[in-house]
There are 2 protein chains.
Amino acid sequence: MIHSFLLIGQSNMAGRGFIEEAIPVDNSNIKILRNGRWVKMFRPINPDRKMSGVSLAESFAEKYAEKHGVDVGLICCADGGTHIEQWQKGSILYDNALSQIKLAARTSTIAGILWHQGEGDCSEELCYAYEKRFLQFLDDFRSDSGTENIPFIIGGLGDFLPDCSLSDSLKNYTIINDTFKNICKKKHLVAFVDATGLTANPDLLHFNAKSLYEFGLRYFEAYEKIADGIMLEEKENSDSERTKMEEL
Amino acid sequence: MIHSFLLIGQSNMAGRGFIEEAIPVDNSNIKILRNGRWVKMFRPINPDRKMSGVSLAESFAEKYAEKHGVDVGLICCADGGTHIEQWQKGSILYDNALSQIKLAARTSTIAGILWHQGEGDCSEELCYAYEKRFLQFLDDFRSDSGTENIPFIIGGLGDFLPDCSLSDSLKNYTIINDTFKNICKKKHLVAFVDATGLTANPDLLHFNAKSLYEFGLRYFEAYEKIADGIMLEEKENSDSERTKMEEL
């Protein structure tokens, strides 16, 4: 059985780590979706742009496969430079991700969604509208893909962003991160992964290969914590049902 | 405006030409579909496997863009090692290609479908069933994608195949090629592109980069011949309507 994960968001989810700096990952149990079918993982896993490289999902998948003794499938639909507005229901990115997760679900068990995005929404104009737009996307996508009861893991924006020369607005990354933390309090099975201390490529925009490896481990830790919660809930529900049955 | 082409079939459509042997192609007007969106072409355009490389669609697109003065979009959905049975209506490959051509149609004009497949159906058991299966696929896919009036270009199998050590059955490649020629006689706007004289990688299975460049030019020539036919038909229809109008 393959346990699969949808990867969505912008460039730091697609992965821009330099392949020559990649920390080796055992890919013998990692697969990627190509044309709806599973093939053995090769880099770059999310070839949205010429500069695509190492992804945080690689170490995530390695650890998941190791711990759970299953094959891990990665459904790579992240797209560089995108804003949350471009991920709303009915958009091209939304419909593409939806079609791919549905194809993957024919031959795997969807086990989670990994999200990293927000750099594109750091401007004063956009960052305060982010929560509403993100929640709309989250609710719509979970409902349309039938993943309401599956963990949705959100990575934080890197604390190197204020030093990036691309845009002054990136200093607002903390507003986006605070938004994510707030969303986790409101929403079931949504977890935040802290990016504090992770480092970047010379562009000071994209996580480097070494940090993406570390970030993948943090995503895995956050996922396991939430997934333990699911199993606990299932146990509690079944305990409570048993008690009810015994009471009859 | 982008004129777009769907690429489907198996490895020789995905492209296995060695990138270091690639003939340079001007990609300034060539785009590839990624996550439903158009990005500037980069290699490999159809990353279905680790060994993906140069594709015949590159020189095809270069010539088309040059002649028609438009941007060309490539929707790359070919998948290595596949049989015609795996392309039937409702299959994963079929549904993936259908979802991608529909996404592409939101932001481009679908101008053609390029097919190369058949090596996987050369066995005695499969080759005589190929025509029926191919026609079923063709009719279903054209109907479901609304491409009944758009050229469908089929490339022939390479005449180096009998020397390939992978399988004895590849000597039956001529039966598949004859089937294609037969189909062209029966079906509207379907053309066959001869692969005679083209050469292979050392595996004697995959066209090499130089031959893929040449093959793309032959596909373009076949496309133009058919597309001229469409314009002629339109002219004839409009001439005949004018005559009718004048007769009233």
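Throughout, a chain's letter reflects where its sequence line sits, starting with A, and its residues are numbered from 1.
- No more than 12 heavy atoms of other residues, nucleotides or ligands sit less than 6.0 Å from atom CD of B:E125.
- Inter-residue side-chain proximity for A:D95 and B:K102 is flagged as unmet; no heavy-atom pair is nearer than 4.5 Å.
- Annotation for B:R34 and A:D79: closest pair O-OD1, 3.8 Å, computed over non-hydrogen atoms.
- Contact between B:R106 and A:G90 at its shortest, heavy atoms only, is NH1-O, 3.2 Å.
- If you measure heavy-atom distances from A:T107 to chain B, the contacts under 4.5 Å come from the side chain alone.
- For a residue to count as touching a neighbouring chain, one of its non-hydrogen atoms must lie under 4.5 Å from one of that chain's; by this rule B:R37 touches chain A with backbone and side chain alike.
- Heavy atoms of A:R49 lying under 4.5 Å from chain B belong to its backbone as well as its side chain.
- In terms of heavy-atom pairs under 4.5 Å with chain B, the best-connected choice from A:I32, A:N46, A:V39 is A:V39.
- In this structure, A:I92 and B:L103 approach most closely via the heavy-atom pair O-CD2, 4.1 Å.
- Looking at B:A78, the atoms closer than 4.5 Å to chain A (heavy atoms on both sides) all sit in the backbone: N, CA, C or O.
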Walk me through it: do B:N35 and A:T82 pass the test side-chain contact (heavy atoms from CB on, under 4.5 Å)? CA-CA 11 Å; B:N35 300 309; A:T82 52; over 6 Å; no
